[in-house]
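Reading through the structure tokens given below for one structure.
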2 protein chains.
Amino acid sequence: MPKPAIAPLIDIADLKVSCSKCSLSALCLPYGLNREELDHLEQTLIHKPTLRANEALYFAGDDYRGLCAVRSGSFKTVLTTPDGAEQITGFYLPGELLGLDGLGQDKYRCSAIALETASVCEIRKEEFKTICSRIPNLQEQILRLMGNNFSQDQERLLSMGQLKGEERIATFLISMGQRLRARGFSSTRFNLTMSRHDLANYLGLAVETLSRMLSHLQERKLIAVNRRSIEILEEERIRKLAHLECRHG
Amino acid sequence: MPKPAIAPLIDIADLKVSCSKCSLSALCLPYGLNREELDHLEQTLIHKPTLRANEALYFAGDDYRGLCAVRSGSFKTVLTTPDGAEQITGFYLPGELLGLDGLGQDKYRCSAIALETASVCEIRKEEFKTICSRIPNLQEQILRLMGNNFSQDQERLLSMGQLKGEERIATFLISMGQRLRARGFSSTRFNLTMSRHDLANYLGLAVETLSRMLSHLQERKLIAVNRRSIEILEEERIRKLAHLECRHG
DNA sequence: CGGCTTTTTGAACCCCATCAATATCCGTGG
DNA sequence: CCACGGATATTGATGGGGTTCAAAAAGCCG
């Protein structure tokens with residue numbers, strides 16, 4: 001074969017992390033950092049290879065390697081019981097932080113699985129301490145992301161403990177809309193990246209129940225749903241279902 | 001009244017924080033710190049006044065002030081919906097970290113309420129950054145405590161999503177036993193510090209269901225329960241109920 | 001088109017919430 | 001010390017929300 005004259009298919013320059021050009025900087029680690037701090041950060045982050053749907057970023061039981069910020073695509077984290085039952089503990093969108101479950105015992109407790117083609121930026125644990133001390137603002141931002149993660153889990157506990165199935169679905173739809181809007185997408189029209197099975201598991205429902213309830217919401221013209229595409233038609237009423245509005249009831 | 005010759009009732013020296021003398025150092029913030037680091041830490045921690053049962057350490061909506069390590073007694077954290085429904089998101093024992101829910105939005109999202117006479121050591125947020133950079137080992141330990149907190153929430157999500165009421169109760173009993181054992185108490189005989197109402201809410205059950213199921217576990221001689229005193233009689237079988245053992249089934 | 005997965009729909013049952021009543025504990029004051 | 005009242009906890013009966021089993025429908029990909 002003749003030596004190719006064309007550029008290589010993968011441009012090394014593109015693989016280099018560039019937080020300053022990343023559209024997520026307002027949500028992700030770089031938030032609040034100045035130029036110099038950004039340079040530091042970019043030198044420390046590892047841009048890991050792209051994952052395809054159903055590939056794992058890490059498995060439960062793996063040694064903790066570091067935290068990962070989702071760069072593109074989406075993930076689920078799955079916790080498994082000794083007897084094989086699985087619980088999806090979260091869905092992760094670009095700019096959100098994966099790997100916190102590894103901090104406590106120095107081993108990941110869940111598996112992180114890509115729901116679609118996805119990529120992440122990693123801060124390895126060895127670098128973490130040094131970069132935090134060199135960039136105090138980064139530490140602040142990481143704490144903020146951790147805190148949000150934490151709050152989200154607590155809201156889910158509330159959802160699981162207090163709400164009926166349909167109310168949990170409403171909560172999920174509103175919450176997903178808000179997270180998408182923060183990323184520049186519509187908060188009322190979007191495509192889910194997870195299967196019904198995954199979503200039902202996440203919500204603590206049977207697949208059949210989820211499907212039935214989505215149909216029911218559609219019959220009442222509160223949402224339009226077709227496979228994985230969702231449109232929220234009556235946001236007010238969905239919010240009320242989710243117990244997010246207490247007036248006009 | 002004559003000037004008292006006896007010592008004042010409250011010895012100022014006792015109010016001063018002394019991590020080095022605290023029995024929790026193996027679980028709490030001081031873990032892994034050397035003598036010098038401990039001195040730094042002690043200078044930064046604020047030993048807050050004792051709280052009595054049902055008093056709040058902070059309320060949902062309060063500005064984030066800092067993290068608190070439980071020193072004695074126990075707490076619950078409560079998340080409230082706009083329409084007044086409450087969910088207890090966690091119980092906290094000595095050495096555990098309160099206040100993480102304030103990190104994300106710089107406001108506490110839940111209220112932290114003492115279940116009995118209790119006290120905490122506080123790291124104010126202003127001090128947090130500086131002390132972390134001065135004591136790298138402390139940062140590591142705080143991350144570990146955060147990670148444990150996080151893992152615990154995820155396990156609860158699994159419990160709420162996958163397990164039946166009785167199985168959730170079993171999970172709670174085993175988990176509480178383990179936490180108490182780590183603090184030097186029996187893992188099979190202990191007194192609960194929370195009411196049935198609080199525990200039922202925490203587990204996502206009705207009070208009546210919880211009471212019934214505790215009675216049922218007692219009838220089957222798996223536990224002995226009297227009001228708030230608990231004895232686990234058949235730990236193996238309780239663990240199996242909690243899906244923590246998959247063999248010998 | 002044919003085989004697979006994913007999703008939806010249908011019917012029966014069960015766990016658990018709810019309503020209602022009783023029992024027990026605990027602090028207060030007579 | 002005991003009597004009283006309120007909070008806390010247990011027990012009983014009924015009904016509903018959601019699971020489970022079963023099967024059909026719809027999408028996906030070769």
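Below, chain A is the first sequence line, B the second, and so on; all start at residue 1.
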N-O pairing of [X] and [Y] below 4.0 Å:
X        : Y        : answer
B:Glu96  : B:Arg183 : yes
A:Arg212 : A:Glu166 : no
A:Lys76  : A:Glu86  : no

Distance below 4.0 Å between [X] side-chain N/O and [N] OP1 or OP2:
X        : N      : answer
B:Thr209 : C:dC16 : no
B:Ser195 : D:dT8  : no
A:Arg228 : D:dG27 : no

Select base, sugar-phosphate, or nothing to describe what B:Leu205 touches, counting heavy atoms under 4.0 Å on all strands.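 The answer is sugar-phosphate, as B:Leu205 gets under 4.0 Å only of primed atoms, P, OP1 or OP2.
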Using a 4.0 Å heavy-atom cut-off, does A:Met213 contact any base of the nucleic acid, only the sugar-phosphate backbone, or nothing at all?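 Sugar-phosphate, no base atom in range.
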Nearest-nucleotide comparison on DNA chain D, the residue closer to the 5′ end among B:Ser215 and A:Gly165: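 In this pair, the answer is B:Ser215.
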Separation of atom [atom1] in [X] from atom [atom2] in [N], rounded to whole Å:
X        : N      : atom1 : atom2 : result
A:Arg196 : D:dA26 : CZ    : P     : 15 Å
A:His197 : D:dT20 : NE2   : P     : 12 Å
B:Gln162 : D:dG18 : CD    : C1'   : 14 Å
A:Asn201 : D:dT19 : CG    : P     : 11 Å

Is the charged tip of A:Arg109 near the ring of B:Phe150: under 6.0 Å from the six-membered ring centre and within 45° of its axis?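 No, a cation-pi geometry is absent between A:Arg109 and B:Phe150.
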Are side-chain heavy atoms of A:Ile238 and A:Ile223 found at a separation under 4.5 Å?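 SC-SC contact between A:Ile238 and A:Ile223 confirmed.
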With salt bridge (Lys or Arg N to Asp or Glu O under 4.0 Å) as the criterion, how do A:Lys240 and A:Glu245 come out once you've worked through the C-alpha distance, each side chain's angles and the decisive distance to 0.1 Å? CA-CA 5 Å; A:Lys240 205 153 48 182; A:Glu245 315 276 340; over 6 Å; no
Scan nucleotides 19-25 of chain C against the protein and return all N/O pairs shorter than 3.5 Å with their distances rounded to 0.1 Å.
from	atom 1	to	atom 2	distance (Å)
C:dC19	N4	B:Glu208	OE2	3.2

